[in-house]
Amino acid sequence: MSEVEEWAAGLAEVHARIAPRFARSEPRERVLAYVRGLLAPLEKKNSWTLAESAGEAIPDGMQRLLAYADWDADAVRDDVRDYVVEHLAPAPGDPAGVLVVDETGFLKKGTKSAGVARMYSGTAGRIENCQIGVFLGYATGPGQGSARTFLDRELYLPKAWAEDAARRAEAHIGDEVEFATKPELAMRMIGRAIDAGVPAGWVTGDEVYGQHYRLRAMLEERQMPYVMAVPVNQRVIAAVDDGDGPKVRELRADALAAMLPAQAWKKISAGRGAKGPRLYHWARAPIRPLEDSPSYWLLARRSLTDPDDVAYYLCFGPERTPLRELVRVAGARWAIEETFQTAKGQVGLDQYQVRRYDSWYRHITLAMLAHAFLTITTAQTNTAAGGGKRGTSGRSRN
């Protein structure tokens with residue numbers, strides 16, 4: 001089978017998965033054209049260009065698909081998750097999959113798009129008029145070639161939007177949608193993944209999520225290990241020896257890290273980056289000594305060239321977890337940042353022109369599906385090139 005034929009067969013498989021979610025034949029066929037357009041090498045990927053790619057003179061059909069057609073974007077999201085798990089879940093004996101939570105900004109003009117406001121956007125690196133989407137990514141395997149894609153998504157609705165009935169109505173935001181912080185949105189998505197049995201051994205995220213106590217408590221209650229970034233002033237409980245014997249004290253993360261002996265720091269790669277291995281000095285210290293199990297640590301990452309450049313993580317995991325495993329999970333957080341880049345650049349994640357709340361979810365879900373298809377197709381190609389053995393980009397379960 002040629003590469004083009006394999007691509008077509010894979011896309012047909014994807015369409016067959018989601019087709020039952022569409023009661024009518026017209027949107028059922030149009031969604032295939034929409035996803036095919038997202039995968040096409042178009043400079044822009046909006047309703048106009050996707051319609052032209054599908055041979056349609058006007059964008060009305062594509063716009064109906066996102067706004068008025070009868071289909072459930074959450075059900076399709078579940079299909080995307082199952083598709084990813086079926087094809088990319090780690091093989092027995094391979095490093096555990098990692099759930100990665102992060103956010104990205106979608107720059108917008110005007111005030112009509114659901115949830116739009118002047119907020120800090122990591123995409124722009126400054127405060128901009130934008131929407132913020134919170135995403136749950138899935139990363140498998142170590143290194144640059146590991147598979148990574150999305151499992152879930154939520155649109156952050158600022159409190160000013162949540163409390164404005166007129167704006168809500170105009171943007172078609174249902175009464176069931178209430179204000180939720182970004183960590184609370186992350187908790188919903190992680191909970192859905194755990195409930196669905198996604199084979200993941202760890203959760204990781206940046207400081208926005210790591211310093212949220214309720215999120216960490218939820219993960220501990222569900223026995224889900226984590227490596228979560230926290231700010232330098234994060235307070236921790238540890239047994240420290242000031243010269244008069246060990247005493248349980250509360251202190252800042254940087255103060256505890258400063259007490260670690262020189263031999264505690266190990267040079268370890270957190271995975272491959274664009275310029276080679278991401279090498280840092282890493283060390284950990286046990287925390288929460290009054291817990292029943294010694295399964296909690298403060299992890300510190302120090303620059304090789306600037307000893308004052310230190311990042312911190314709170315960790316929970318199996319008692320005998322090696323330091324290298326904590327480092328691997330911490331490094332997996334970069335996977336979702338790269339996933340945002342590829343999804344925006346290759347499948348038009350950020351190129352939608354919709355204002356409605358439900359339409360945002362529909363476009364984003366279909367872009368997630370397109371990205372998952374690209375990720376899985378690449379994994380299968382690498383597996384075939386490796387003689388049928390599992391490669392660094394995941395594993396096919398056909």
Side-chain angles (χ1 to χ4, degrees), residues 2-81 83-84 87 104 106-108 113-114 131 133 135 149-151 153 155 339-381:
S2 69
E3 183 175 341
V4 173
E5 290 173 329
E6 290 179 355
W7 181 284
L11 196 54
E13 176 201 346
V14 167
H15 185 233
R17 281 179 175 269
I18 67 171
R21 307 300 186 184
F22 300 81
R24 296 180 59 246
S25 60
E26 187 263 346
R28 189 184 309 130
E29 294 307 314
R30 180 160 278 114
V31 74
L32 175 59
Y34 195 95
V35 174
R36 188 183 289 120
L38 293 176
L39 292 166
L42 305 175
E43 184 176 355
K44 293 291 183 181
K45 297 179 181 180
N46 52 49
S47 295
W48 280 95
T49 58
L50 296 180
E52 291 175 0
S53 178
E56 300 174 2
I58 56 177
D60 294 20
M62 297 301 182
Q63 292 170 351
R64 282 197 305 274
L65 178 69
L66 297 183
Y68 306 112
D70 182 12
W71 62 284
D72 185 346
D74 285 347
V76 175
R77 172 206 62 202
D78 294 345
D79 292 333
V80 174
R81 180 195 63 218
Y83 173 58
V84 170
H87 288 279
T104 190
F106 301 95
L107 303 184
K108 292 293 168 184
S113 298
Q131 295 169 299
F135 287 77
T149 192
F150 300 114
L151 296 182
R153 73 290 179 261
L155 178 62
T339 304
F340 286 137
Q341 293 175 7
T342 57
K344 290 180 178 182
Q346 297 179 10
V347 298
L349 184 75
D350 61 341
Q351 295 177 25
Y352 55 89
Q353 294 177 332
V354 298
R355 292 179 174 178
R356 292 170 51 135
Y357 184 81
D358 53 352
S359 297
W360 183 91
Y361 278 90
R362 290 183 169 196
H363 169 82
I364 294 296
T365 302
L366 296 178
M368 285 169 48
L369 178 61
H371 189 274
F373 172 75
L374 285 181
T375 302
I376 290 167
T377 301
T378 300
Q380 292 174 335
T381 300

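The analysis underlying the following values was restricted to heavy atoms, covering all of them including side chains, and did not include hydrogens, waters or symmetry mates. Positions are given from 1, in the same order as the sequence printed here.
Ring geometry, Phe135 versus Phe150: the interplanar angle falls from 30° to 60°, so the pair is classed tilted. Between His363 and Tyr352, the angle of the ring planes lies from 30° to 60°, which puts this pair in the tilted group.
For the residue pair Ala73 and Thr365, the shortest heavy atom distance occurs at O-CG2, 3.7 Å. Contact detail for Arg28 and Ala23: the closest heavy-atom pair is NH2-O, 3.1 Å. Among all heavy-atom pairs drawn from Ala67 and Asp358, the shortest one is O-OD2, 4.2 Å. The heavy-atom pair separating Arg153 from Met368 by the smallest distance is CD-SD, 3.5 Å. The heavy-atom pair separating Gly37 from Leu50 by the smallest distance is C-CD2, 3.4 Å. Here the closest non-hydrogen pair linking Lys344 and Thr104 is NZ-OG1, 2.7 Å.
Checking side-chain atoms of Ser53 against main-chain N and O of Thr49 turns up no donor-acceptor pair under 3.5 Å. Judged by distance alone, the side chain of Lys108 and the main-chain N or O of Ala114 form no donor-acceptor pair under 3.5 Å. Using modelled atom types, no side-chain atom of Tyr34 and backbone atom of Ala54 make a donor-acceptor pair closer than 3.5 Å. Side-chain N or O atoms of Ser47 include none that pairs as donor or acceptor with a backbone N or O of Met62 at under 3.5 Å.
Contact annotation: the side chain of Leu366 approaches that of Leu65 to within less than 4.5 Å [non-hydrogen atoms, C-beta and beyond]. Two residues are said to be in side-chain contact when any heavy atoms from C-beta on lie closer than 4.5 Å; Arg24 and Asp70 fail this criterion. Contact annotation: the side chain of Glu29 approaches that of His15 to within less than 4.5 Å [non-hydrogen atoms, C-beta and beyond]. Here the side chains of Leu39 and Trp7 are in contact, with some heavy-atom distance below 4.5 Å. Under the 4.5 Å side-chain criterion, counting only non-hydrogen atoms from C-beta, Val31 is not in contact with Val76.
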Quiz item: Could you go step by step and tell me if Leu11 and Leu32 meet the side-chain contact (heavy atoms from CB on, under 4.5 Å) rule?
Solution: CA-CA 8 Å; Leu11 196 54; Leu32 175 59; 4.0 Å; yes

Practice problem: With side-chain contact (heavy atoms from CB on, under 4.5 Å) as the test, would you mind laying out the steps for Phe106 and Ile364 before giving the verdict? | Solution: CA-CA 11 Å; Phe106 301 95; Ile364 294 296; 4.1 Å; yes

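Here Ile376 contributes atom CD1 and Thr149 contributes atom OG1; the two are 7.0 Å apart, rounded to the nearest 0.5 Å. In this structure, CG on Asp79 lies 4.0 Å from CZ on Arg21, to the nearest 0.5 angstrom. Here CZ of Arg77 is found 10.5 Å from CG of Leu151. Values are rounded to the nearest 0.5 Å. Distance CH2/Trp71 to CD1/Ile18: 7.5 Å, rounded to 0.5 Å. Atom CG of residue Asn46 and atom CD of residue Glu52 lie 8.5 Å apart, to the nearest 0.5 angstrom.
There is no side-chain donor-acceptor pair under 3.5 Å between His371 and Thr339.
More than 12 heavy atoms of other residues, nucleotides or ligands shown are found within 6.0 angstrom of CZ on Arg356.
Ionic pairing of Asp72 and Arg362 is not present here: no N-O contact between side-chain nitrogen and carboxylate oxygen is shorter than 4.0 angstrom.
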